[in-house]
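Chain identifiers are assigned alphabetically (A, B, ...) following the order of the sequence lines, protein sequences preceding nucleic acid strands; residue numbering begins at 1 within each chain.
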Amino acid sequence: MSRRQYPFHLIEPKWQQRWEAEQTFRAWNPGDSVPASHPFGVRHELAGKAPAASELPPKFYILDMFPYPSGAGLHVGHPEGYTATDILARYRRACGFNVLHPMGWDSFGLPAEQYAVKTGQHPRKTTEANIANFTRQIRSLGFSYDWTRELATTDPDYFKWTQWIFLQLYNSWFNPATNKAEPIETLTYPPELKLVIEDWRSITLQRNPGDNSSPEDDDEFRKAAQKAMNEEVEQSRRAYRDSKRLAYVSEAPVNWCPELGTVLANEEVIDGKSEVGGFPVIRKPMKQWMLRITAFAERLLADLDTIEWSDSLKEMQRNWIGRSEGALVDFQVQGSTSKITVFTTRPDTLFGATYMVLSPEHSLLKEIVTPEQAAAVKQYQEFAAGKSDLERTELSKEKTGVWTGAYALNPVNGEQIPIWIADYVLASYGTGAIMAVPAHDERDFEFAKKFDLQIRPVVLPSADWFLELHSESQKHLPKQRDWERMIEKEGLGLFQAMDKLAGQIEAMYREKCHVFHKPFVGEGSAIESANGEISINGLPTQEAKAKITAWLESKGLGKKTVNFKLRDWLFSRQRYWGEPFPIVWKRDDAGNLYHEALPESALPLLPPALDDYKPTADGQPPLARAKDWLTLSDGSIRETNTMPQWAGSCWYYLRYADNKNAAAFVSPEAEGYWMGTASSPDPKSQTPSPKPTPGVDLYVGGTEHAVLHLLYARFWHKVLFDLGHVSTAEPFFKLVNQGLILGEDGQKMSKSRGNVVNPDDVLKEFGADAFRLYEMFMGPLQDVKPWNTRGVEGVYRFLGRVWRLFVDEKAETDYEQAETVTSGTGSANALLGIIKLSAAIKDEPGTPAQLKALHACIKKVTEDLDALRFNTAISTMMIFVNEAMAWPVKPWAVLRDFLLLLAPFAPHLAEELWEKLHALRADPAGIPSLSYAAWPKFDPALLVEDTLEIPVQVNGKLRDVIRVPAGATNAELEEAAKAAEKAQPFLAGKTVKKVIVVPKKLVNLIVA
RNA sequence: GCGGAUGUGGCGAAAUGGCAGACGCAGGGGACUUAAAAUCCCCUGGCCGAAAGGCCGUGCGGGUUCGAUCCCCGCCAUCCGCACCA
């Protein structure tokens, strides 16, 4: 394919430059002055004004997940989502919305830092170069972003506010009574932490005679006296306060990579090895900053019901949050005052608890381990700690553990049960300890079998379960032939035999269920579950749970509770290229370290300049190398951790609304307009539907962020909402995941497979419009689909047909000759000026057939865009063009409306043809802007058919198609169907028993 | 193992209770051309048939219905998450 279908190489740069020069896609905030000439102002009669939110048209916020600007540049997967959102942004603009469609850079990140470690080049340099390359690539695709709102998370003007939001978290606590984040000042302290003196003014002074100090001095003295008296309790209060903050410090097990000398984030650990270098990673407790996301678990779960995300995505978030209802139960340790609390979802199986298991890291171990077992326990703890995550999962098939030598007392029956430790119990879930009910839990069952612990059934399964077990033909169970014998020799019916068999297995289950090969983990009815005070025998599982839990609560032995899989967010990284924490460390009089926030005025806190970006030899983060930066004049020491990459992406969508604001992270007006529903519907706009929604109206991005980014951002947003900084509880109202684009070989694109498609190459050969169109034509946005270069050629040919639909053949030949002569060095505009439109384009009304073709196209494209069905919208336009090519006369107005439909998909080509089309008419007002021209409306009256094709079925099989007047009655339809020629052979000699007539659709004749 | 999604021609796909395969790719034939490219026109799910036409066909097996790619039940396969979460 050597010859160009049309001169996209001239058209595309021309319009991209025009859009940029005229700031065509600038989005206007409330209060902005709209220039007199700007097409947005012209369209909405706001030119030269500074409209308030109520005067602006309704907003539509269309957001892409901003990219990490990697050194590799864009691949064809990126623009898939960007193209979809750009088409919608242009469509919504045409519909009369004020569209916010921004782009920016998630530019903190590991690759730039690793490059810095290797080469000493400052990560900012690498980052800037990568951003420049990404910008070039993205701009070449002709997206209608408002580039004045561009932002980068690495920009100090941006991360100043990331740090500011961290301070909001730091200075807040979660009030369980209100279920909200509140300023830390509203925290109430327990009675033992009451200040001795509440108010320094209440301290009475006894003046010495002759003391002539001023009353101000008295106040100073009173303050000092209060301070001294309260000092001790104040220290405890600080500790209490610090333990309640949404941002707090905790000794947490982290992914420590000895080889790299650093801590890794979970997402940087793959199969127990570091993503970089593939070195082993172990769990190690270290002091870390944590964010209290768990406090919001319930709301993060419940509010999923208020937003339009795909089921699968919501499900992934639900699984991650992992809510489960159960009970906390206390077990007394025998011969000790200590209690072990366990979390269980099956309190109804308490009578079947035959041993307990603590995680190897459990804090009570040092108290309860007997001297005889101490060595074995210690050895096991070391064994478990030394295991990498990889080894833990690899070895998970075989359970390991050690007895502690201690016993606990089962609270329901006082029975002595051994306490074990095993690494199948996780320190980080529940209480880090379990009651083991091997008869009703797979893991406990496996463990009990291995270590020969008692297995006691306390839930009776249904007969079906026994029969299923039997059908798996296990050892020890009755054999198939036993069953057959029952039927044959004992003369039993099938169901009697099954009952008898189930009965036999049940007896065995009650007596010696340790011979079974699997436990019963489902719901049944309780057995063997009674003590002197309470019995749950015979109760179905749900009722048994409720009753035993109530009993435990009444005896003070336990309580109903809800547990979550979600953990608090480990928020610190031992890295250079991230936001420094606005935190310093100090020592109190007793010499204890404590932390304090820097004042807002200290923001942004910039990272120090370094020569060496490696962690220090003793495992300190790189920031600890900057000795000057580290220590403040008052002796306090800066926090040397930095924030993770997620921090910047947690709130960038808010900054887009007001990215230049130096006084606030976003102004309330801008936030209220773009994120709230403050904008008023514009009565003049053509189709402002669907209505603007709270938050981002549409967010498009890959599934790789299904959980972490989207959960973290929702969490921050809720905190900001509680503190009154934003007006909605959820940030992203509607979210769509674009599907992965695979290589031509159907495999995931990767450098090593050599199947990566570079957009630059595609653009060079086919142009941006063809590229955009193909990405959308491949299939549904959400689907995974393979790239196919022949497919690009197909849509490219379609654009060529559109070109030839408009352009005069002779002029095209002239243009080609001129281009050859000037060999591309001539003025692009002069060359394009040679192109003349076809003489077949006439200012005549369209024929009914032409108008029908146009309006059918308008209808389908509009409906498809509303439903994000880009692929079928494009095929509809192909059908229109194929038909229009044959028209001897091409009505001007019909082609004009078609260009409006094409414009969101292929904006450059549409602009060029729009310009030429309008140049045919010497309109004194000049050429109207395509980008703000109103979306065409279809006229249903033009689509009405005079006659309809109606399929005729006989007994549900298609036999003929008849043509009837559109207004035919059911009776007429029936008659016509019975007379249908090709149906006759199937009707001959038979009586029509029944006739189904679906008006305007079909007739089905049922014959005997 | 658990959860979710998907399964339709040679390929990407469309139709979501009513003519299965729109549109595009690939393939075949033709027009234009000295020739090629480009463009334009026609054909193109399988089987039987000279044709007219018929039969079969949306992963597999059942069901609901006058009628099922579509709704329900049970399987199978593929992909994506999560995975000792008590």
Complement of B:U8, any strand, by Watson-Crick or G-U distances under 3.5 angstrom: none
Sugar-phosphate, base or nothing in reach of A:N319, heavy atoms under 4.0 Å: sugar-phosphate
Flag for A:Q317-A:R714: side-chain donor and acceptor within less than 3.5 Å: yes
Sugar-phosphate only, base, or nothing, as touched by A:R567 at under 4.0 Å among non-hydrogen atoms: base
Sugar-phosphate only, base, or nothing, as touched by A:R318 at under 4.0 Å among non-hydrogen atoms: nothing
d(CH2, A:W803; C1', B:A38) in whole Å: 17 Å
Pair partner, B:C40 [Watson-Crick or wobble, under 3.5 Å]: B:G30
Sugar-phosphate, base or nothing in reach of A:S312, heavy atoms under 4.0 Å: sugar-phosphate
Sugar-phosphate, base or nothing in reach of A:K565, heavy atoms under 4.0 Å: base
B:G21 versus B:A15 - spacing of their C1' atoms, nearest Å: 9 Å
Short side-chain N/O contact from A:K785 to OP1 or OP2 of B:G12, under 4.0 Å: no
Mate of B:C47 where both pairing distances stay under 3.5 Å, Watson-Crick or G-U: B:G54
Atom pair distance, as rounded to whole Å: CD in A:E704 and C1' in B:C82: 17 Å
Atom P, compared across B:U64 and B:G54: separation rounded to whole Å: 29 Å
Nearest to side-chain heavy atoms of A:P780, which nucleotide of B:A13, B:G18, B:A86: B:A13
Nearest-angstrom distance, P atom, B:G61 to B:G9: 15 Å
Paired nucleotide for B:G3 [Watson-Crick or G-U wobble; both distances under 3.5 Å]: B:C80
Phosphate-side-chain proximity, A:R4 and B:U39, N/O vs OP1/OP2 below 4.0 Å: no
Selected nucleotide, minimal atom distance to A:E315 side chain, candidates B:C19, B:G3, B:C23: B:G3
Flag side-chain contact, heavy atom, 4.5 Å: A:I741 against A:M778: yes
Contact nearer the 5' end of RNA chain B, comparing A:K1001 with A:M878: A:K1001
A:R797 vs B:A26: side-chain N/O to OP1/OP2 distance below 4.0 Å: yes
Any donor-acceptor N or O pair under 3.5 Å, side chains A:S324, A:Y429: yes
Sugar-phosphate, base or nothing in reach of A:N882, heavy atoms under 4.0 Å: sugar-phosphate
Candidate nucleotides B:C84, B:G18, B:G24, ranked by approach to the side chain of A:D423 - the nearest: B:C84
Minimum-distance nucleotide to A:P786 side chain [options: B:G12, B:C66, B:C82]: B:G12
Nearest-angstrom distance from the residue atom CD of A:E775 to P of B:G12: 17 Å
Touch class at under 4.0 angstrom, heavy-atom based, for A:I879 against every strand present: sugar-phosphate
Side-chain heavy-atom pair A:D423, A:V425 within 4.5 angstrom cut-off: no
Sugar-phosphate, base or nothing in reach of A:Q953, heavy atoms under 4.0 Å: base
Sugar-phosphate only, base, or nothing, as touched by A:G794 at under 4.0 Å among non-hydrogen atoms: sugar-phosphate
Under-4.0 Å side-chain N/O to phosphate OP1/OP2 contact, A:Q317 with B:G81: no
Length of the CE-C1' vector between A:M778 and B:C23, whole Å: 15 Å
Distance below 4.0 Å between A:T872 side-chain N/O and B:A13 OP1 or OP2: no
Proximity of A:Y796 and A:Y774 rings by center, below 6.0 Å: no
Whole-Å gap separating C1' (B:C23) and CZ (A:F870): 17 Å
Pairwise P distance, B:C43 and B:G59 [rounded to whole Å]: 28 Å
Sugar-phosphate, base or nothing in reach of A:N871, heavy atoms under 4.0 Å: sugar-phosphate
B:C32 and B:A37, which share atom name C1', separated by this distance in whole Å: 12 Å
Flag for A:Q782-A:Q738: side-chain donor and acceptor within less than 3.5 Å: no
Spacing of the P atoms in B:C71 and B:G17 (rounded, Å): 8 Å
For atom CG of A:D783 and atom P of B:C79, their distance in whole Å: 16 Å
Upstream residue (5' side of RNA chain B) when A:V707 and A:G322 are each assigned their closest nucleotide: A:V707
Whole-Å C1' distance, B:G74 and B:C79: 22 Å
Under 3.5 Å donor-acceptor pair, A:K399 side-chain atoms to B:C84 base atoms: yes
Side-chain H-bond candidate by donor/acceptor type, A:T872 with A:D864, under 3.5 Å: yes
Sugar-phosphate, base or nothing in reach of A:K982, heavy atoms under 4.0 Å: sugar-phosphate
Sugar-phosphate only, base, or nothing, as touched by A:I434 at under 4.0 Å among non-hydrogen atoms: base
Closest nucleotide among B:U39, B:A86, B:C66 to the A:D441 side chain: B:A86
Touch class at under 4.0 angstrom, heavy-atom based, for A:S310 against every strand present: nothing
Separation of atom CG in A:L304 from atom P in B:G4, rounded to whole Å: 15 Å
Sugar-phosphate only, base, or nothing, as touched by A:E442 at under 4.0 Å among non-hydrogen atoms: nothing
Closest listed nucleotide, where the reference is the side chain of A:P951 and the choices are B:C19, B:C66, B:A86: B:C19
Proximity of A:F880 and A:F898 rings by center, below 6.0 Å: yes
Interatomic distance where NZ belongs to A:K994 and P belongs to B:C66 [whole Å]: 5 Å
Modelled atom types, side-chain donor and acceptor of A:N737 and A:T703, under 3.5 Å: no
Watson-Crick or G-U wobble partner of B:A15, both distances under 3.5 Å: none
Polar contact flag, side-chain donor to acceptor under 3.5 angstrom, A:R801-A:N882: yes
Where the chi angle of B:G9 falls, syn if within 90° of 0 and anti if not: syn
Inter-nucleotide P distance (B:C11, B:U58), Å rounded: 15 Å
